A.B. asks: 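Here's a structure for you.
Just so you know, these numbers use all the heavy atoms, side chains as well, and skip hydrogens, waters and symmetry mates. Please read all numbers here as calculations on a predicted model, not as lab measurements. So you know, we letter chains A, B, ... as the sequences are listed, proteins then strands, and number each from 1.
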There are 2 protein chains.
Amino acid sequence: METSEFESPIRIAVVDDHPLLRDGIIAVFATQPDLELIAVGEDGEAAIRIYREKRPDILLLDLQMPNVDGVEAMTRILSEFPEARILVLTTYSGDGRATQAIKAGASGYLLKNSLRTELLDAIRSIHRGGTHFDRQVFGAADREAKRLTARESDVLELAAAGNSNKQIAARLSLSEDTVKGYMKAIFARLGAMDRTHAVAIAVRNGLIEL
Amino acid sequence: METSEFESPIRIAVVDDHPLLRDGIIAVFATQPDLELIAVGEDGEAAIRIYREKRPDILLLDLQMPNVDGVEAMTRILSEFPEARILVLTTYSGDGRATQAIKAGASGYLLKNSLRTELLDAIRSIHRGGTHFDRQVFGAADREAKRLTARESDVLELAAAGNSNKQIAARLSLSEDTVKGYMKAIFARLGAMDRTHAVAIAVRNGLIEL
DNA sequence: GGGAAAGCCCCCCGAAAGAGGGGATTGCAG
DNA sequence: CTGCAATCCCCTCTTTCGGGGGGCTTTCCC
């Protein structure tokens, strides 16, 4: 605690669509003299705008948000500012987007049900140039190589909406056999017994939108 | 702000499994002299224990929690203390449990993405003997009279886990025809095209656990 | 250049699902 | 007492699913 107190504080921006959670995070920062909250936003667009305008040292970013979602915002920010340090906050440990986020270049990944101290550790370690990945997420991320290709998600989302293979084929201008082929691939990937199970797994892992 | 400041404060307990969100709520209360946080917990069991021991004026309760879930905890508390005033906090507006919670006797219903002021309004209005139901939830609650009977949820959950009708029948000690009968009832209730669609709808409405 | 992975397409066939009917019993509320 | 909702059971028929094979390009990476 007695390091050089006169270093400039770590400038942090928080983007999350839950006001109460933001308040929680803000309250945590308020007790830390070396952390300065410089901006707050509630969607992906705000994240991008804030990054461009303020260049925070660390951006705390939720993945589930309206409008532009977290992964999208992150990808865009990182393509513009490759040096950006982003700490992803998420609700679910099994979230398939965890893998996406990590691949997209997040500096850290934290569950929303983390403790205050974990949040602070994560921020300081990232600011020192390190990374911080929650064990649960990490485990979940590689335990399940569960992700779907673009086409597979299309197919599965349509199935979740109550379409038969034939209807999916019509909707996507494919042959029914092709759709069946994707279904087989989906089952294999997710370890599902049937389409119903596949939808359940995909939802649990944040792989498709309902 | 200049009402009788010497009334005894409103004693509040918060039960939610997200530490950071709890911190947010706690931080909000800390700024309000007429509100006193007397207990904090992170699951349904804790909610029941806290209610028995401390009898808070208002219990702030999350619906999605490990172990004993929110609706369950609420039902038990209200059967023991019918005068209990419980404000339900939830993440999703389309949550089917909203209806359950309201029927079970919640005094209020608030989305987690509410503003600080809404939280305070809700607490004060409930403490005065009123109720507070978020419009979004309210709308969602009666728009969809979507709920399932106990047996129907059992069947659908097993279907979501990848079981065939035959397997479900075996698991529940029913005939396959009976399971098919439940399936038909489920489709009719939820307006689903098939089991896959039914699972998607049920999940979106918080009707089944994955 | 070789291989892997995604994206497409085709076959057969048995098992499962879903639509359509028909019942029965409880138990609770009006 | 009557109606209704929930729980349970049975039948037939057609469609769909999912497993098992087999292909073909293109793209991207080593």
A.B. asks: Grab the CG-P distance between A/Asp177 and D/dG19 for me, whole Å please.
C.D. replies: 15 Å
A.B. asks: Look at the side chain of A/Thr149 and decide which nucleotide, out of D/dC9, C/dA6, C/dA17, has an atom nearest to it.
C.D. replies: C/dA6
A.B. asks: Measure CD/B/Glu152 against P/D/dA6 and give the value in whole Å, please.
C.D. replies: 7 Å
A.B. asks: Could you check which residues of residues 153-176 of chain A get a heavy atom under 4.0 Å from DNA chain C? Sort them by number, please.
C.D. replies: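 Within this stretch, A/Leu174, A/Ser175 sit under 4.0 Å of the strand.
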A.B. asks: Taking the side chain as every heavy atom from C-beta outward, state whether A/Leu59 and A/Val15 have any pair of such atoms under 4.5 Å apart.
C.D. replies: yes
A.B. asks: Of all the nucleotides listed (C/dC8, C/dA6, D/dC10), which has the minimum atom distance to the side chain of A/Arg189?
C.D. replies: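 Output: C/dA6.
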A.B. asks: Rounding to a whole Å, what distance do you find between A/Arg195:CZ and C/dA16:C1'?
C.D. replies: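 My rounded result for the distance is 12 Å.
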A.B. asks: Is a donor on one side and an acceptor on the other found under 3.5 Å between the side chain of A/Arg171 and the backbone of A/Leu158?
C.D. replies: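 Side chain of A/Arg171 to backbone of A/Leu158, a donor-acceptor pair under 3.5 Å: no, none is there.
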A.B. asks: Would you indicate whether the side-chain heavy atoms of B/Val28 and B/Leu120 approach each other to under 4.5 Å?
C.D. replies: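 They are in side-chain contact.
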A.B. asks: What pair of heavy atoms forms the shortest contact from B/Thr196 to A/Ala159, and how long is it?
C.D. replies: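 Reported closest heavy-atom pair: CG2-O, 3.5 Å.
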A.B. asks: Send over the distance from A/Ile186 CD1 to D/dC17 C1', rounded to a whole Å.
C.D. replies: 14 Å
A.B. asks: Would A/Asp194 and B/Arg195 count as a salt bridge (Lys or Arg N to Asp or Glu O under 4.0 Å) here? Give the steps.
C.D. replies: CA-CA 11 Å; A/Asp194 53 39; B/Arg195 57 178 55 217; 5.3 Å; no
A.B. asks: Heavy atoms only: give me the nearest A/Ile126-A/His132 pair and the separation to one decimal.
C.D. replies: CG1-N, 4.3 Å
A.B. asks: List the protein contact pattern of nucleotides 19-28 of chain C with one symbol per nucleotide (5' to 3'): B for base contact, S for sugar-phosphate-only contact, - for none; contact means a heavy-atom distance under 4.0 Å.
C.D. replies: SBB-------
A.B. asks: Is there a side-chain polar atom (N or O) of B/Tyr182 under 4.0 Å from OP1 or OP2 of D/dC8?
C.D. replies: yes
A.B. asks: Between B/Arg11 and B/Lys54 (side chain of the first, backbone of the second, donor and acceptor by atom type, cut-off under 3.5 Å), is there such a pair?
C.D. replies: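 Yes.
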